[in-house]
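All remarks here apply to the structure that follows.
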There are 2 protein chains.
Amino acid sequence: MNTLIRREYDYALRICAYLAGRYGQGRVPISRLAKVLLLSRPFTTKIVFRLKNEKIVTTVQGKDGGVYLTNPPDQVTVYDVLHAMGYNSRLNECLAEGHKCPMEDICRLHIFFQQQEEMLINNFKTKKLSEVIMTDGQLKKTVRESL
Amino acid sequence: MNTLIRREYDYALRICAYLAGRYGQGRVPISRLAKVLLLSRPFTTKIVFRLKNEKIVTTVQGKDGGVYLTNPPDQVTVYDVLHAMGYNSRLNECLAEGHKCPMEDICRLHIFFQQQEEMLINNFKTKKLSEVIMTDGQLKKTVRESL
DNA sequence: GTATATCTATACTTTTTTAGTATAATATAT
DNA sequence: ATATATTATACTAAAAAAGTATAGATATAC
């Protein structure tokens, strides 16, 4: 199966949605993120590393270190997170930069997909992290039920 | 790069958009489809084979054989073609059938992506082949210019 | 009835992408 | 000092996508 949102991107969003719920409440160690979000620890590490480089999250090393969301959740969008992770998905390859299809200008399919993609990206840019917060309470409940 | 519409699906759409422009005007051999749409012949063959099995196109063997659109272009949608090709792309894997995420019910990200996907599929179901026709005239012009 | 143009059906190969792991190093609170 | 964290990069394995090859069947024109 084929997805526009890769696993990594999805995990990154989960991590940010969780951190959004703890904004202003200190640092969360990666080990805890992994546990509560059902991710492997090395993979979580990798994703946090990318998010940190793009300044979506801030990290603190050492004992009592951990991760927190750099900016308030209502100032970060789903698109921001995807973009930070290197999101460059396209509905159709013919929409990609550098791709020069000789039919492009006359191709109504191209125009159609272009419109669809714009709409989607626009919605990603509108959706804020504050709207998709995952709280500890919710997570504990579902994880308990899934055991 | 990652796309929702695979190359095969895109080619299938092109083929159908072209056949839509010649609906009621007889059969088009695969060799011609490949040439005019800038596709390799074996690949075109493979795609036509799939479209035939799903009755999107009808094929006639033998000398003077070829391919034509089974139904009028205003009765076939972009979604019909994608579906025939085995389209099962999802925005996010967590939307896939059989995928059971323990957080699913409470996950606002899941709900958000679900909505986005519905919107997209709906638009695919609304767009008819008659709206994306590629004519011989257009194609010859662009191909000439690209040489 | 034969040659030829055409589709049929499946198997194979190559390349790319994705997903995930491992590890040695560095930082900090106590 | 030491225990607990993150850092940064390299590596591996599995899966998917893209495209090719080929032997065969079929229909038609002549």
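Quick caveat, the model's predicted, so the values are computed rather than measured. Per chain, numbering begins at 1; letters A, B, ... match sequence-line order.
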Checklist entry - Under a criterion of less than 4.0 angstrom to any heavy atom of chain B, what are the 5'-terminal and 3'-terminal contacting nucleotides of DNA chain D? => result D:dA17 to D:dA29

Checklist entry - Is the count of non-hydrogen atoms from other residues, nucleotides or ligands lying under 6.0 Å from B:His83 atom NE2 greater than 12? => result no

Next on the checklist: Is it the case that the side chains of B:Asn92 and A:Tyr9 hold a donor-acceptor pair, with the cut-off being a distance below 3.5 Å and no angle test?
Outcome noted: no

Checklist entry - Would you say the ring centroid of A:Tyr11 lies under 6.0 angstrom from that of A:Phe43? => result yes

Next on the checklist: Is it true that A:Thr126 and A:Asn123 share a donor-acceptor pair across their side chains at a distance under 3.5 Å?
Outcome noted: no

Next on the checklist: What is the distance, to the nearest angstrom, from the CD1 atom on A:Ile5 to the C1' atom on C:dT18?
Outcome noted: 15 Å

Checklist entry - How would you label the contact of B:Tyr9 with the nucleic acid (heavy atoms, under 4.0 Å): base, sugar-phosphate, or nothing? => result nothing

Atom pairs, protein N/O to nucleotides 6-8 of chain C N/O, distance under 3.5 Å:
unit_1, atom_1, unit_2, atom_2, d
C:dC7, OP1, B:Ile30, N, 2.8
C:dC7, OP2, B:Ile30, N, 3.4
C:dT8, OP1, B:Thr59, OG1, 2.9

Checklist entry - Is there a side-chain polar atom (N or O) of A:Arg6 under 4.0 Å from OP1 or OP2 of C:dT18? => result yes

Checklist entry - How close or far is atom P of C:dA11 from atom NZ of B:Lys46, stated in whole angstroms? => result 13 Å

Checklist entry - Which of these passes side chain to side chain contact (heavy atoms under 4.5 Å, CB included) with B:Val67: B:Leu51, B:Leu19, B:Ile15? => result B:Leu19

Next on the checklist: Tell me every residue that passes salt bridge (charged side-chain N to carboxylate O under 4.0 Å, His left out) with A:Arg50, counting only those two or more places apart in sequence or in another chain.
Outcome noted: A:Glu8

Item to check | Atom NZ of B:Lys128 with >12 non-hydrogen neighbours under 6.0 angstrom | outcome: no

Item to check | CA sep, side-chain torsions, deciding dist, call: A:Glu93, B:Arg7, salt bridge (charged side-chain N to carboxylate O under 4.0 Å, His left out) | outcome: CA-CA 7 Å; A:Glu93 187 171 325; B:Arg7 300 318 289 140; 3.7 Å; yes

Item to check | Between P of C:dT17 and CG of A:Leu4, the distance in whole Å | outcome: 15 Å

